[in-house]
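Working notes for the structure below.
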Amino acid sequence: MNLSINENPNGAQVASKDSEKKTPKTKVFKNIDFKTIAEASRGFNLCPADIKCNDVKKSFLLNAAEKLHDEQKFHGRYMGLAKKVYDSLKDRKSVWDECEKRGIDLGVLATHVVFLGQLKMNKVMKFGISEQSPIYNSLHLFSEPFLPADPQDFVNKSWKPSEHKDEVYSF
């Protein structure tokens, strides 16, 4: 590396690097919440179809969240992401009509969409639940809640999705 002394227009001397150029450093940063969600989703997707249910989905998410050492905070951020999906979809008449036709609560749907991961979540927010959406053909799987509305119930592991089929999220 060669340093040379240059004078700037104000007369001050400044050292500059002649031979070495800075190359931009790129960092791949992935949100820890989405890493946790992706880990849970991958595990759930590898399960045999005959044991996949909302109780198993919740278990995978809880197990992944336990690694963060603050499951209650993770639950809050997860529900925050679900609210983001809900807010993105709530003003679309086509989404409301389709959810009503299929008997799906939009708040419950939003929690399932977040579980799919960042890429699919963003596609759902862009396309809604139309034919271009990644969830169009599997909407029937998202009608029942798999997470409690109360973060303490998530941490206590006392809440069972199969016992709360009629719970509705109000964002």
Side-chain angles (χ1 to χ4, degrees), residues 28-68 71-151 153-155 157-171:
V28 177
F29 177 75
K30 210 170 181 187
N31 184 317
I32 190 70
D33 294 330
F34 281 116
K35 280 185 175 182
T36 304
I37 293 165
E39 180 181 326
S41 184
R42 256 190 318 274
F44 181 75
N45 290 337
L46 292 173
C47 284
D50 59 333
I51 67 163
K52 282 186 180 179
C53 66
N54 287 331
D55 290 319
V56 173
K57 186 182 279 190
K58 178 190 169 235
S59 296
F60 272 102
L61 191 61
L62 183 60
N63 288 341
E66 284 176 346
K67 294 176 184 174
L68 300 175
E71 299 96 337
Q72 194 167 1
K73 187 182 262 186
F74 171 77
H75 179 274
R77 291 189 309 254
Y78 187 98
M79 295 306 267
L81 289 168
K83 177 155 179 20
K84 182 179 175 183
V85 172
Y86 176 86
D87 288 344
S88 172
L89 299 177
K90 74 178 180 181
D91 296 328
R92 299 183 190 179
K93 183 167 176 16
S94 62
V95 171
W96 281 107
D97 290 345
E98 193 66 30
C99 284
E100 189 175 298
K101 182 174 108 181
R102 296 183 186 220
I104 298 171
D105 179 77
L106 187 55
V108 173
L109 175 69
T111 61
H112 285 279
V113 169
V114 173
F115 188 81
L116 298 173
Q118 189 173 16
L119 182 64
K120 287 184 180 177
M121 182 183 91
N122 289 337
K123 284 184 179 179
V124 170
M125 289 180 3
K126 179 179 179 181
F127 297 114
I129 54 177
S130 66
E131 291 182 14
Q132 294 90 4
S133 176
I135 64 168
Y136 179 75
N137 291 323
S138 55
L139 278 173
H140 63 282
L141 300 174
F142 307 134
S143 62
E144 296 176 11
F146 78 101
L147 286 177
D150 183 4
D153 290 340
F154 181 68
V155 174
K157 304 173 191 169
S158 60
W159 192 86
K160 300 275 187 232
S162 58
E163 297 169 359
H164 299 273
K165 293 181 180 182
D166 296 327
E167 184 169 310
V168 177
Y169 296 98
S170 56
F171 289 111

Who pairs with K93 by side-chain hydrogen bond (donor to acceptor under 3.5 Å, both in side chains), at least two apart in sequence or on another chain? D97

Just verifying a value: how many Å separate L89 CG and K84 NZ, rounded to the nearest 0.5 Å? 12.0 Å

Separation between CD1 (I37) and CZ (F115), nearest 0.5 Å, reads 9.0 Å

Quick one: side chains of residues 120-128, donor-acceptor pairs under 3.5 Å with protein atoms, not counting sequence neighbours, listed by atom name and distance.
{"residue": "N122", "atom": "ND2", "partner": "Q118", "partner atom": "O", "Å": "3.3"}

For Y86, run the side-chain contact (heavy atoms from CB on, under 4.5 Å) check against V113, L109, L106 and tell me which one passes. L106

Interatomic distance, CZ@R77 vs CD1@I32, rounded to 0.5 Å, equals 8.5 Å

Residues 42-54, side-chain donor-acceptor partners within the protein, below 3.5 Å, at least two apart:
{"residue": "N45", "atom": "ND2", "partner": "S41", "partner atom": "O", "Å": "3.2"}
{"residue": "K52", "atom": "NZ", "partner": "N45", "partner atom": "O", "Å": "3.4"}
{"residue": "N54", "atom": "ND2", "partner": "E144", "partner atom": "O", "Å": "3.3"}

For the atom pair NZ (K58) and CG (N63), what is the distance rounded to the nearest 0.5 Å? 10.0 Å

Hey, could you give me the CD/CG distance between E66 and L61, rounded to the nearest 0.5 Å? 10.5 Å

Given L141, L139, V95, the one that forms side-chain contact (heavy atoms from CB on, under 4.5 Å) with I104: L139

Any pair with a residue in residues 87-114 that passes ring-ring contact (aromatic ring centres under 6.0 Å, His included), sequence neighbours left out, goes on the list, sorted by first then second residue, please. H112-F142, H112-F146

Nearest non-hydrogen partners of F154 and P148, listed with the distance: N-CG, 3.6 Å

Atom of G103, atom of S143 and distance for their closest heavy-atom approach: O-CB, 4.3 Å

Check side-chain hydrogen bond (donor to acceptor under 3.5 Å, both in side chains) between E39 and all other residues, then give those that pass, not counting sequence neighbours. K67

Residues two or more places apart in sequence or in another chain: which of them pass salt bridge (Lys or Arg N to Asp or Glu O under 4.0 Å) with R102? E98

Nearest 0.5 Å, what's the CG-OG1 distance between D105 and T111? 9.0 Å

Check this for me: does any side-chain nitrogen of one of D87 and K90 sit under 4.0 Å from a carboxylate oxygen of the other? yes

So which heavy atom on Q132 is nearest to which on S130, and how close? OE1-OG, 2.7 Å

